[in-house]
Amino acid sequence: MLHIPYIREHKNEIVQLLQIKNFDAATILDELLIKDDSRKNTQKDLDNLLSKVNQFSKQIGELYKSGEVQKANDLKEECAAIKQESKVLQGKYASLEKDIQDILVQIPNVPHPSVPKGSCDKDNKLLKESGKKPKLMANAKPHWQLTTDYNLIDFELGNKITGAGFPVYKGKGARLQRALISYFLDKNTNAGYTEYLPPHLVNEASAFGTGQLPDKEGQMYHVTEDNLYLIPTAEVPVTNFFRDVIVKDFPIKCTAYTPCFRREAGSYGKDVRGLNRLHQFDKVEIVQIQHPEKSYETLDNMVNHVASILDELELPYRILKLCGGDLSFTSALTFDFEVYSAGQDKWLEVSSVSNFESYQANRLKLRYKDKNGKTKFCHTLNGSALALPRIFAALIENNQTEKGIEIPKVLQKYTGFEIIE
RNA sequence: GGAGAGAUGGCAGAGUGGUCGAAUGCACUGGUCUUGAAAACCAGCGUACAGCAAUGUACCGGGGGUUCGAAUCCCUCUCUCUCCGCCA
């Protein structure tokens, strides 16, 4: 969430930039600042009252010690009156704070000035297209056919034991999945990221810290009995490692493999066919905590890192800069990676690399001390490196041959086989 | 699931109604000493909000209560630990 002192100083700029996200902030920011002014005044009045009570209390103690009971009792009565008054102010203060909080969580992060205006994914800006689309044989198939033909994934079995969107990997399919996880983690740790294996359930405070709550509650599976949420991405547990932390050394680089759980009940049809959209999927995530001055440099590094993985996997991909309409609530700038999946002739999103600037850090109270010893908010960044199912789909679709599915070189030492026949 | 104990500053750990935002130790920062370092000594060292500042206010797991006054008493919630049971 945005920091009120920052809003005060940059109100017009924020209103302008939020137009890129198609969010009209003018009214809501005015309302916010009026409430905050009122909050300040209330605090001043309240502080004065409380200060008086504190003074009187000290005096009463001394009067009792010196035996001046009558004087002490007089003061007590005065205190009672002040307390009445302070109760009222306290109520007012609490309700103002709540109003302010409620407004703050409704305001999305301010987009980076370079974010293109737009309403949907059609308006995203293509930055780079890399690799060659493969020429497939005449009878090439989409992955949902291949996974059945080669006995790699059993969607029906998943339906039986859980439901739609929960595939069961088996045989070489399971092994390929495991190989991808290991390969991604190795790539990331070689780039200086520390590997973590976090819990797959988080508490409410964590879901709030990264911005899933309160507005995206419906997208998460909620274990109501223990009030825990199944993580929609490793970003949630990993970023929350640093909740209430004052960072000493930058950058902090973490990577984690986790399954990800998403309810997102919605569309049907070929967009969600096979591995394209699932309720449970595997993902390897990278997270960085960085000094504000370096966060955009870091974002570029992360983008290059993800690109290098796709290069090694020999998958054709393109990089898009998300437009305002497609940018997530918490992100200031996001680059999406899409791989070309030849069997279904589609571009599939496999990674989203974002700079959240201080938006999450404010909620998380994730800070550092600047040169003058003042505490400031860090910047947080994350990206997928990478999301598994669509990589899996693109790999088997693009590499299908008459002989079978060929495994890219970099993966062979992880799979232990070169071809799936 | 049963029984008990506990939650205090970066860490350890005192504090059971007033002078406590909180002893002490460690860590950290600055200084003295030293060729340099260590040791020793001196000083500083939590967060947030308000204020130009002086300073004020709040915070001792969360919430509520008693009291003129709460880290300290009461209620409640959460979490952690120990023992027993069960168990990968």
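Letters go in sequence order (proteins before strands), and every chain restarts at 1.
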*Expressed in whole Å, how much space separates the P atoms belonging to B:U19 and B:C84?*
44 Å
*Please list, in 5' to 3' order, the outermost nucleotides of RNA chain B lying under 4.0 Å from any heavy atom of chain A.*
B:G18 to B:G69
*Look through every strand shown and name the nucleotide pairing with B:C87 as Watson-Crick or G-U wobble, where both distances are under 3.5 Å.*
none
_A:Thr189 and A:Glu195: side chain donor to acceptor below 3.5 Å_ = no
*Who is the Watson-Crick or G-U wobble partner of B:A14, with both distances under 3.5 Å?*
none
_Electrostatic pair A:Asp282:A:Arg178 at N-O distance under 4.0 angstrom_ = no
*Mind checking who B:G69 pairs with, Watson-Crick or G-U wobble, both distances under 3.5 Å?*
none
_Using the C1' atom as the point on both nucleotides, what is the distance between B:C59 and B:G44, in whole Å?_
23 Å
*asked:* Against the six-membered ring of A:Phe208, is A:Arg363 placed for a cation-pi contact (under 6.0 Å from the centre, within 45° of the normal)?
replied: yes
*With both distances kept under 3.5 Å, what pairs with B:A3, Watson-Crick or G-U wobble?*
B:U82
*So, for A:His143 and A:Phe392, is the gap between ring centers shorter than 6.0 Å?*
no
*asked:* Under 3.5 Å for both donor-acceptor distances, Watson-Crick or wobble: does B:U29 have a partner, and if so which one?
replied: B:A43
*Using distance alone, with no hydrogens and no angle criterion, decide if A:Asn301 and A:Gln288 have a side-chain donor and acceptor under 3.5 Å apart.*
no
_Base paired to B:C60 (Watson-Crick or G-U; both N/O distances under 3.5 angstrom)_ = none
*Looking at every strand, decide which applies to A:Asn54 at a 4.0 Å heavy-atom threshold: base, sugar-phosphate, or nothing.*
sugar-phosphate
*For A:Phe417, is the NZ or CZ atom of A:Lys172 found under 6.0 angstrom from the centre of its six-membered ring and inside 45 degrees of the ring axis?*
yes
*Considering only the C1' atoms, how many Å lie between B:A71 and B:U32, rounded to the nearest integer?*
38 Å
*For the pair A:Lys21 (side chain) and A:Ser328 (backbone), establish whether a donor and an acceptor sit closer than 3.5 Å, ignoring hydrogens and angles.*
yes
*Donor-acceptor side-chain pairing of A:Gln360 and A:Glu235 below 3.5 angstrom*: yes
*Nearest-angstrom distance, P atom, B:A58 to B:A22*: 13 Å
*Is B:A50 paired to anything, Watson-Crick or G-U wobble with both distances less than 3.5 Å, and if yes, which nucleotide?*
B:U55
*What does B:A23 pair with, Watson-Crick or G-U, if both distances are under 3.5 Å?*
none
_In whole Å, measure the gap between the C1' atoms of B:A39 and B:C33 for me._
11 Å
*How would you label the contact of A:Ile60 with the nucleic acid (heavy atoms, under 4.0 Å): base, sugar-phosphate, or nothing?*
base
*Determine the contact category for A:Lys65: base if any of its heavy atoms lies under 4.0 Å from a base atom, sugar-phosphate if only primed atoms, P, OP1 or OP2 are that close, otherwise nothing.*
base
_B:A38 to B:U55 separation - P atoms, rounded to the nearest Å_ = 35 Å
_Taking only the P atom of each, what is the distance from B:G10 to B:C60 in whole angstrom?_
14 Å
*When the nearest nucleotide of RNA chain B is assigned to A:Gln43 and to A:Asn48 on a heavy-atom basis, which residue is associated with the more 5' position?*
A:Gln43
_When the C1' atoms of B:G17 and B:G69 are compared, how many Å lie between them, rounded to an integer?_
8 Å
_Contact nearer the 5' end of RNA chain B, comparing A:Glu77 with A:Asp226_ = A:Glu77
